[in-house]
Structures are given as C-alpha cells and as structure tokens.
Amino acid sequence: MIKQVFDPEELRVLIKNQENFGIEAQKIYALLLCYETKYDFCRFYSSENAVFASLYGDHVVCETGGCDLDDRDFEELAEFFSFCGFSEIFCSEKVGERLSEKLECTPKKLNLMRFCGNIVPRGTEKTPPLSEIFGVLKTAFEIVYEQWYLDMSHRIRHGVTQFRRLDGAVLAIQHNLNGNALLSQIATPPELRGQGRASRLIKAVCGELSESRVFVLCEDGLLSFYQRLGFSLQSVNYQLSSR
C-alpha cells in the first residue's frame, strides 16, 4: 500500500545506504535535505518495495530493500500516477519499461555517465547570480523562471546545489552526496557555442570534484560528446513524460 511519509527520520531509514548506490535514491535524498517534509509541493511516499518523491509533479522512484518490484507493485504505482497525475517520472530502466506499458506517457532513455578521464585543474566562477545563470539556461531548456528560481535558491541555501561558470558556459553541481556528484543544467549562450567552452567547464568541475565520483545524465545524442571528455556509461535510466 502506498502511503505519504511525513516523518523525515522514517524516510531516512527507508533510503538508508541507498543514496550510496542508485542515482534515484541520491535524487530523493537531496530533496529530503532541501525540503524535509515541510512543504505540500514536495511530498514523499513509500510502498512495500519502493520509495518515491514528488516535486511540482515531477517524480523520482527508487526501489528499496534489495527487492525486485513485482506485478502488484507496478499496478499500484501505475494506478497512483494515473490518479494523481505527473509531469515526469525518473526511474531505473526496469521500472521505466514496466511503467511505460501501463501509463499514457512518452518514455525517454537517459544514460548515466561517470567521469573516468584525466583531471584538468582550472578555476571557475563560483556562485554566479541566478538571474544570469537562468539567462543562459533558458536558451537551451524549456524552464519557467519562478519555479526554477524557487527550487534552485532553496537547494543552494541548504548547501545541496552549486553553480559554476567559465567563459560564459554554466552548469549545476546538482548534488554531491556521500562521494557521488551529479552535474546538470549544462549550457552555453548561443553566440558562444561550438568553441569548447562547455567542455572546458565540465573538465574543470570534474577536477574540482576529484575526491567524488562525478556523474551526468545524457540522451543518446550526447553519448559521444561525454565519452570524448572521459565519461563512461554506467547504467541506463528512464524519464517518462505525460502526453
């Protein structure tokens, strides 16, 4: 049975040690650090073999306890998401394949890449203004300023997310938990693209995070780009978008 979790300590127990391994658990743990269970727009749920989080209708699903989800689990999850609605669901490949059979959604494969290349020490600008970061990101992603700003400023305030900038290119260190760092929101202004600026920024930040395992999620079209930078494929995740 799916239930909403209101006690932060109960949630920590549910995902204990999970954040060391799966990117899904790391994302949920990062949300817990930012929001705990204080806000209605960020909710946490658990079932017998899964824990998941919802932020503004975007969900992250994580299998727990070393148990494989069975048909009953998938039926329950699909019924929950169909009833409550969703914008996106981030999950493992197996969960994504099964849920996409039961939900009206568009599945997209995301590759989890880990940096294994040579470190390139180079200084970057830390904590650039969020308004300037958004000015770059909006040229590459479909994002709404108010919602993005509220989430990012909250994550920064709680020490979970940091932004870096170099030669006009920007990126977010989405989180760095238990030696696992995730890079995201990587973009360069249109007039500066094609000059290797994003590559230099990514390599510089990987050097800065040399004591952590550094990951990035990308679509198939960017696999060769990240491989040239020294990333290797670790696993596959799914993102399910409502139609």
Given His154 and Tyr149, is the ring-ring contact (aromatic ring centres under 6.0 Å, His included) satisfied, shown in steps?
CA-CA 8 Å; His154 202 84; Tyr149 176 82; over 10 Å; no

What verdict does the side chain to side chain contact (heavy atoms under 4.5 Å, CB included) test give for Leu14 and Phe44, after you've listed the backbone C-alpha separation in whole Å, the side-chain angles of each residue and the deciding distance to 0.1 Å?
CA-CA 11 Å; Leu14 287 170; Phe44 300 90; over 6 Å; no

Using the salt bridge (charged side-chain N to carboxylate O under 4.0 Å, His left out) rule, take Glu63 and Lys94 through it: C-alpha gap first, then chi angles, then the decisive distance, then the call.
CA-CA 10 Å; Glu63 300 147 278; Lys94 179 179 66 177; 3.2 Å; yes

If you apply the rule side chain to side chain contact (heavy atoms under 4.5 Å, CB included), what do you find for Val216 with Tyr226, and how did you get there?
CA-CA 9 Å; Val216 67; Tyr226 283 106; 3.8 Å; yes

Show, in sequence, the C-alpha distance, side-chain angles and deciding distance for Glu10 and Val5, and conclude whether the side chain to side chain contact (heavy atoms under 4.5 Å, CB included) test is met.
CA-CA 7 Å; Glu10 179 184 351; Val5 181; 4.0 Å; yes

Using the side chain to side chain contact (heavy atoms under 4.5 Å, CB included) rule, take Ser153 and Leu130 through it: C-alpha gap first, then chi angles, then the decisive distance, then the call.
CA-CA 8 Å; Ser153 60; Leu130 282 180; 4.0 Å; yes

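With hydrophobic clusters built from ILVMFWY side chains whose heavy atoms lie under 4.5 angstrom apart, Leu217 shares a cluster with Val60. Grouping the Ile, Leu, Val, Met, Phe, Trp and Tyr side chains by contacts below 4.5 angstrom, directly or via other members, places Leu112 apart from Leu171. Side-chain heavy atoms closer than 4.5 Å link hydrophobic residues (I, L, V, M, F, W, Y) into clusters, and following such links, possibly through other members, connects Ile202 to Leu223. In the hydrophobic clustering of this structure, Leu222 does not group with Val170; members are Ile, Leu, Val, Met, Phe, Trp, Tyr whose side-chain heavy atoms approach within less than 4.5 Å, directly or through other members. In terms of hydrophobic clustering, with Ile, Leu, Val, Met, Phe, Trp and Tyr side chains grouped at heavy-atom distances under 4.5 Å, Phe225 and Phe215 are assigned to different clusters.
Electrostatic pairing of Arg12 and Asp7 does not count as a salt bridge here, judged by no charged N lying under 4.0 Å from a carboxylate O. A salt bridge links Arg72 to Glu48: one of the charged nitrogens lies within less than 4.0 Å of a carboxylate oxygen. Using a 4.0 Å cut-off between charged nitrogen and carboxylate oxygen, Glu93 and Arg98 do not count as a salt-bridge pair.
Using a 4.5 Å heavy-atom cutoff, the side chains of Arg155 and Asp151 are in contact. A heavy-atom distance below 4.5 Å is not found between the side chains of Lys203 and Arg122. Contact annotation: the side chain of Cys218 approaches that of Met113 to within less than 4.5 Å [non-hydrogen atoms, C-beta and beyond]. Counting only heavy atoms from C-beta outward, the side chains of Phe90 and Leu110 approach each other to under 4.5 Å. Taking 4.5 Å as the limit, some side-chain heavy atom of Phe81 sits within range of a side-chain heavy atom of Leu99. Between Val205 and Ile173, the closest side-chain pair of non-hydrogen atoms falls below 4.5 Å. Contact check for Thr124 versus Glu208: side-chain heavy atoms found under the 4.5 Å cut-off. Counting only heavy atoms from C-beta outward, the side chains of Thr127 and Phe163 never approach each other to under 4.5 Å.
Residue Gln4 places its CD atom among more than 12 non-hydrogen atoms of other residues, nucleotides or ligands, all under 6.0 Å distant. More than 12 heavy-atom neighbours from other residues, nucleotides or ligands sit within 6.0 angstrom of CD on Glu191. By the neighbour-count criterion of 12 heavy atoms within 6.0 Å, atom NZ of Lys38 is sparsely surrounded, having that number or fewer from other residues, nucleotides or ligands. For Phe74, the CZ atom sits in a packed shell: over 12 heavy atoms of surrounding residues, nucleotides or ligands are nearer than 6.0 Å. Sparse packing is recorded around CD of Glu79, with 12 or fewer heavy atoms of other residues, nucleotides or ligands lying under 6.0 Å away.
Here the rule is side chain to side chain donor-acceptor pair (under 3.5 Å) with Gln239, and of Glu219, Lys109, Glu88 only Glu88 fits it.
Of all non-hydrogen atoms in Ala53 and Leu31, the two that sit nearest each other are CB-CD1, 3.8 Å. The two residues Leu229 and Phe115 make their nearest non-hydrogen contact at O-CE1, 3.2 Å. Closest non-hydrogen pair, Cys116 versus Ser232, comes out as SG-OG, 3.4 Å. In terms of heavy atoms, Thr64 sits closest to Ala50 at OG1-N, 3.5 Å. Listed here is the closest heavy atom pair of Phe231 and Val214: CE2-O, 4.0 Å. Across all their heavy atoms, Leu240 and Gly96 have their closest contact at CD2-O, 4.0 Å.
Here the side chain of Asn49 pairs no donor or acceptor atom with the backbone of Leu69 at under 3.5 angstrom. Without hydrogens or angle criteria, Arg197 side chain to Asp167 main chain gives a donor-acceptor distance under 3.5 Å. Side chain of Glu76 to main chain of Ile2: a donor-acceptor pair is present (N/O by atom type, distance under 3.5 Å, no hydrogens or angles).
With 3.5 Å as the limit, one finds no donor-acceptor pair spanning the side chains of Asn180 and Tyr29.
Residue Thr188 holds its OG1 atom at 10.0 Å from CG of Leu137, rounded to the nearest 0.5 Å. Note: Leu33 CG to Leu177 CG = 6.0 Å, rounded to the nearest 0.5 Å. Taking SG from Cys62 and CD1 from Ile28, the interatomic distance works out to 5.0 Å, rounded to the nearest 0.5 Å. The OG atom of Ser242 lies 10.5 Å from the CD atom of Glu104; values are rounded to the nearest 0.5 Å. Here the straight-line distance linking atom NZ of Lys102 with atom CG of Leu77 works out to 10.5 Å at 0.5 Å rounding. The CD atom of Gln227 sits 9.0 Å away from the CG atom of Asn111 when rounded to the nearest 0.5 Å.
Applying the ring pair (Phe, Tyr, Trp, His ring centres under 6.0 Å) definition to pairs two or more places apart or across chains, none involves residues 165-214. Pairs passing the side-chain hydrogen bond (donor to acceptor under 3.5 Å, both in side chains) check and including a residue from residues 130-144, sequence neighbours excluded, read Glu132-Arg165, Thr139-Arg193.
Note on ring orientation: taking the six-membered ring where Trp is involved, the planes of Tyr145 and Trp148 are tilted (angle from 30° to 60°). Using cut-offs of 30° and 60° on the angle between ring planes, the pair Tyr45 and Phe80 is perpendicular.
A cation-pi arrangement is not found for Lys108 relative to Tyr238, the charged atom failing to lie both closer than 6.0 Å to the ring centre and inside a 45° cone about the ring normal.
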